Amino acid sequence: MEYIVENNNILFNDYLDFDIEHILECGQCFRFYKKSDKDYLLIAYDKILRVTQGDNKIIFHNTNTNDFDTIWTNYFDLGRDYGDIKKVLSDIDEHLHKAVSEKGGIRILQQDTWETLISFIISQNKNITHIKILIEELSKKYGTYIGEEDNVKYYSFPTIEQLSAASEQDLRDLKVGFRAPYIVDACRKVFNNEVDLVGLTSMEIEEAKNELMKIKGVGPKVADCVLLFGAKRYEVFPTDVWVKRIMEHYYFNKDTKIKAIHEFAVEHYGTLAGFAQQFLFYYARDFKIGKK
DNA sequence: AGCCAGGCACCGC
DNA sequence: GCGGTGCATGGC
């Protein structure tokens, strides 16, 4: 991957399989701000990064080769050939072919495991707009100040130690509602190693899922999201209402149980199930496919 | 206004 | 096991 260093920016020319809008808006992450068309500010790993993209150029602003090589290359999963993945998925069936061709710039970000755990606990029974607000509030209150951009102060996502300082009532005051005890339980079990987040990348997949589901408020869907977005487990298929809708629409044509859909997808898409899910989810949500 | 949100725990059977 | 219901809060 050859990039160009120019002042404090890092540039790519003619980079394929990367669309910053697809990557950030596809629902896998929450801490980003759209400044204008294909111009985003994102917060990850205690850093603020601005990314802009033109026809044949991607610019990572105000960064350096060290951060790029140690953080952003992994974060954007630049070592993986998405051309290959997209080709395999497209050949599976016409539905996936369509989703991949419409949303071809998606890449699965390698996010922090802890942050994805708390974020997806919060996500349950909420719309994406409000999830983003709650995560910002949590960061503002318990995270660390990391800098200012356009007169806005930004804060890192709270560490396990920082968030452990919050009581259930503190969290309720932040309006997380019934999720407050879930967050407290996650803090406690991760802090005292009752739940091993580091081991998630290497455990048998069922074991990894069960490890996460020891936490109150973590069920199959949240566990799959944490594994896919925060632990590089690409064989899972998070099945939520949107995925249920598009799968029913394309493959079942009737009201089908989430469990049955999940089993079908894992079988049908195999080791690339996670990538398939993300293409389908974003495609379905953007075009409101399956929505009554 | 009222329904529903990237689910899950808890309760009956 | 399986299906129904309540859940805090805010967007649409």
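A note on names: the letters A, B, ... follow the listed sequences, proteins ahead of strands, and every chain is numbered from 1. Just so it is clear, the structure is predicted and the values come from calculations on it, not from any experiment.
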What orientation do A:Tyr250 and A:Tyr283 show, parallel under 30°, tilted 30 to 60°, or perpendicular over 60°? parallel

Mind listing the closest non-hydrogen atom pair of A:Ala165 and A:Asp170 along with its distance? O-OD2, 4.0 Å

Looking at the rings of A:Phe18 and A:Phe12, which for Trp means the six-membered one, are their centres under 6.0 Å apart? no

Between A:Leu138 (CG) and C:dA8 (P), how many Å, whole number? 18 Å

Regarding A:Tyr251 and A:Asp93, is there a side-chain donor-to-acceptor distance under 3.5 Å anywhere? yes

Quick one: A:Lys216 NZ to B:dA9 C1', roughly how many Å, whole number? 7 Å

Round to a whole Å and report the spacing from NZ of A:Lys175 to P of C:dA8. 13 Å

Reckon A:Thr129 has a side-chain N or O less than 4.0 Å from the OP1 or OP2 of C:dC12? yes

What integer distance in Å separates A:Ile128:CD1 from B:dC4:P? 18 Å

Whole-Å distance separating the NZ atom of A:Lys126 from the P atom of B:dC3: 18 Å

Starting at atom CG of A:Asp185, determine the distance to atom C1' of B:dC8, rounded to an integer number of angstrom. 13 Å

Give A:Arg179 one of three labels, base, sugar-phosphate or nothing, depending on what nucleic acid heavy atoms sit under 4.0 Å from its own. base

Across the strands shown, which category fits A:Lys257 at heavy-atom distances under 4.0 angstrom: base, sugar-phosphate, nothing? sugar-phosphate

Whole Å only: how far is the CG atom of A:Asn127 from the C1' atom of B:dC3? 12 Å

Just the rounded figure in Å: distance from P of B:dC8 to CG of A:Asn210. 13 Å

Closer than 4.0 Å, any side-chain N/O of A:Arg245 to the OP1 or OP2 of B:dA5? yes

Please classify the nucleic acid contact of A:Leu134 as base, sugar-phosphate, or nothing, using heavy-atom distances under 4.0 Å. nothing

